[in-house]
S.K.: 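I have a structure here, written as structure tokens, and I will follow up with some questions on it.
These numbers were taken from a predicted model, which means no experiment stands behind them. Every heavy atom of this structure was used, including side-chain atoms; hydrogens, water molecules and symmetry mates were not. Throughout, a chain's letter reflects where its sequence line sits, starting with A, and its residues are numbered from 1.
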2 protein chains.
Amino acid sequence: MPYRAIWIRDDRRSFGIIDQTKLPHEFVTETVGTVEQAAHAICAMRVRGAPLIGATAAHGLWLALEADASDGAMDKACRLLESTRPTAVNLLQALGQMREALSTLPPSKRAAAGLALAADMADADVARNRALGEHGWSLLQAIAGRAKGRPQRALQIMTHCNAGWLATVDGGTALAPVYAAHDAGMPVHVWVSETRPRNQGAFLTAWELEAHGISHTLIVDNAAGHFLQRGEVDVVIVGTDRTTAVGDVANKIGT
Amino acid sequence: MPYRAIWIRDDRRSFGIIDQTKLPHEFVTETVGTVEQAAHAICAMRVRGAPLIGATAAHGLWLALEADASDGAMDKACRLLESTRPTAVNLLQALGQMREALSTLPPSKRAAAGLALAADMADADVARNRALGEHGWSLLQAIAGRAKGRPQRALQIMTHCNAGWLATVDGGTALAPVYAAHDAGMPVHVWVSETRPRNQGAFLTAWELEAHGISHTLIVDNAAGHFLQRGEVDVVIVGTDRTTAVGDVANKIGT
């Protein structure tokens, strides 16, 4: 059964997440009914990945407004959610976008508008990742075309940490081109680094790729240089927590 | 209470080891009374580290000769011990040295001679490591003298895996100069990489340094490049499983 990494529940008073701390051993979903629970889900890394953290914060702010839509309550909820994780810019961007749109509305309209906006932001993330996947796939095709020495070999892709669908609402960022390539029939093989200290590569990326039927090998972080040195890797694709104006990328240690 | 990593027990019919698979959580010693137990201790990595594997094999061959000192039994014991670990040359060297010395003796004298030779080889390892420590310490002094920009800072040493006293009979190889420097009063700080997948850095090196009162920081393997890039490391010192005639070194993945 396909899942998004976050979804509004049918009662429209709560949203669902996957408790990612239990993967890969157990697939457990969790219902989030308050802004405090949303903040805790981010702090405890039940949800992680920059785009998913942003979406969870937006949904959490919506839940806060369902309980109390006053300016003071909105301020307090934003401060709570902002304090959860320092990693990614998406958290602050999502809260800023929600706040800008909702603060001009009368309190009585904020909860319904917050629900609609959080849902739109989630859909926008999925659409963005799909576009990213299509664009990245054309790059992978170009790289595969250049790897003429080994025409029989699947394109060898290395990634680090998890930038798959679990890190987003759906579709993934760095893995989006890999899914697009695989789904289009291009033979790919992914080298997945364990990603110490929290093992997101071993626990999340390998699980995602397995579930999608994509050939992959889990390696210790230590071994990445070995495989690169031996020419076993055609392309490396990773997420980015922050990207500077000149294109420098800050990402998980080891990137 | 100071320990060697291997010792002949007072009954002179068995030897003692530390079950290194239980470190750092428990310090448990084990009595090895047969060549089969010695082989198992190596296979199961209760002892590890090239010099200690060599010493354990020598002691194991002695125990085999206590039970049956015939040529056939010696051959069989050597084959068993040779098959335990492919890593290091020390295993084959130690068995070769024992065999060469003992095979010329009549069987009735082999067990006693084997005991004496295994003990001598263990003492030789300790003496070699002490010399290695003295020699390496003079190199560390030269490096510390050159690091003039930061005269207040302890010498920052990075190591990988475990090449401390637990990897040898006593004294350590790569860590021997670090112990020598610390014992002589030189301020040192050691960056200890976790060393996936078996965590010898986290479980053994950090434990050793802690027990010896040497300042150290445990890092994930991933982070080594970061600290090197920032100039936080003055010198890197690691073990070597094999060294070629031109000085190339093969050692644990990630070295």
Side-chain angles (χ1 to χ4, degrees), chain A residues 24-25 45 48-49 86-87 156 158-163 167 174 190-207 216-233 236-242 244 246-255, chain B residues 24-25 45 48-49 86-87 156 158-163 167 174 190-207 216-233 236-242 244 246-255:
Chain A
H25 305 294
M45 294 186 73
R48 25 64 54 201
T87 304
Q156 302 292 309
M158 180 176 279
T159 191
H160 185 55
C161 199
N162 176 264
V190 186
W191 296 93
V192 179
S193 58
E194 187 181 33
T195 318
R196 296 287 299 157
R198 283 183 171 271
N199 303 323
Q200 294 97 328
F203 290 176
L204 303 178
T205 300
W207 181 85
H216 62 282
T217 304
L218 177 65
I219 59 172
V220 291
D221 299 314
N222 262 344
H226 174 74
F227 289 106
L228 290 165
Q229 190 179 41
R230 285 168 56 106
E232 302 280 353
V233 178
V236 179
I237 185 163
V238 296
T240 167
D241 283 335
R242 301 286 174 101
T244 70
V246 295
D248 291 333
V249 160
N251 191 46
K252 178 65 42 68
I253 187 77
T255 296
Chain B
H25 304 294
M45 294 186 73
R48 23 64 55 201
T87 303
Q156 302 292 308
M158 181 176 279
T159 191
H160 184 55
C161 199
N162 175 264
V190 185
W191 296 94
V192 179
S193 57
E194 186 180 33
T195 318
R196 297 289 297 160
R198 282 183 172 271
N199 304 321
Q200 293 97 328
F203 291 175
L204 304 179
T205 300
W207 180 86
H216 61 283
T217 305
L218 176 65
I219 59 172
V220 291
D221 300 315
N222 263 343
H226 174 73
F227 289 106
L228 290 165
Q229 190 178 43
R230 285 170 55 107
E232 302 279 352
V233 178
V236 179
I237 186 163
V238 297
T240 167
D241 283 335
R242 301 286 174 100
T244 70
V246 295
D248 291 332
V249 160
N251 191 46
K252 177 64 43 65
I253 186 78
T255 297

S.K.: Looking at B/Asn222 and A/His160, what are the two nearest heavy atoms and their distance?
M.R.: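 Shortest heavy-atom separation between B/Asn222 and A/His160 comes out as ND2-CE1, 3.6 Å.
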S.K.: About how many Å separate OG of A/Ser193 and CG of B/Asp221, when rounded to the nearest 0.5 Å?
M.R.: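 Going from CG on B/Asp221 over to OG on A/Ser193, the span is 11.5 Å.
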S.K.: Taking every non-hydrogen pair under 4.5 Å, which of B/Lys252, B/His226, B/Glu194 racks up the most with chain A?
M.R.: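 Option with the top pair count is B/Glu194.
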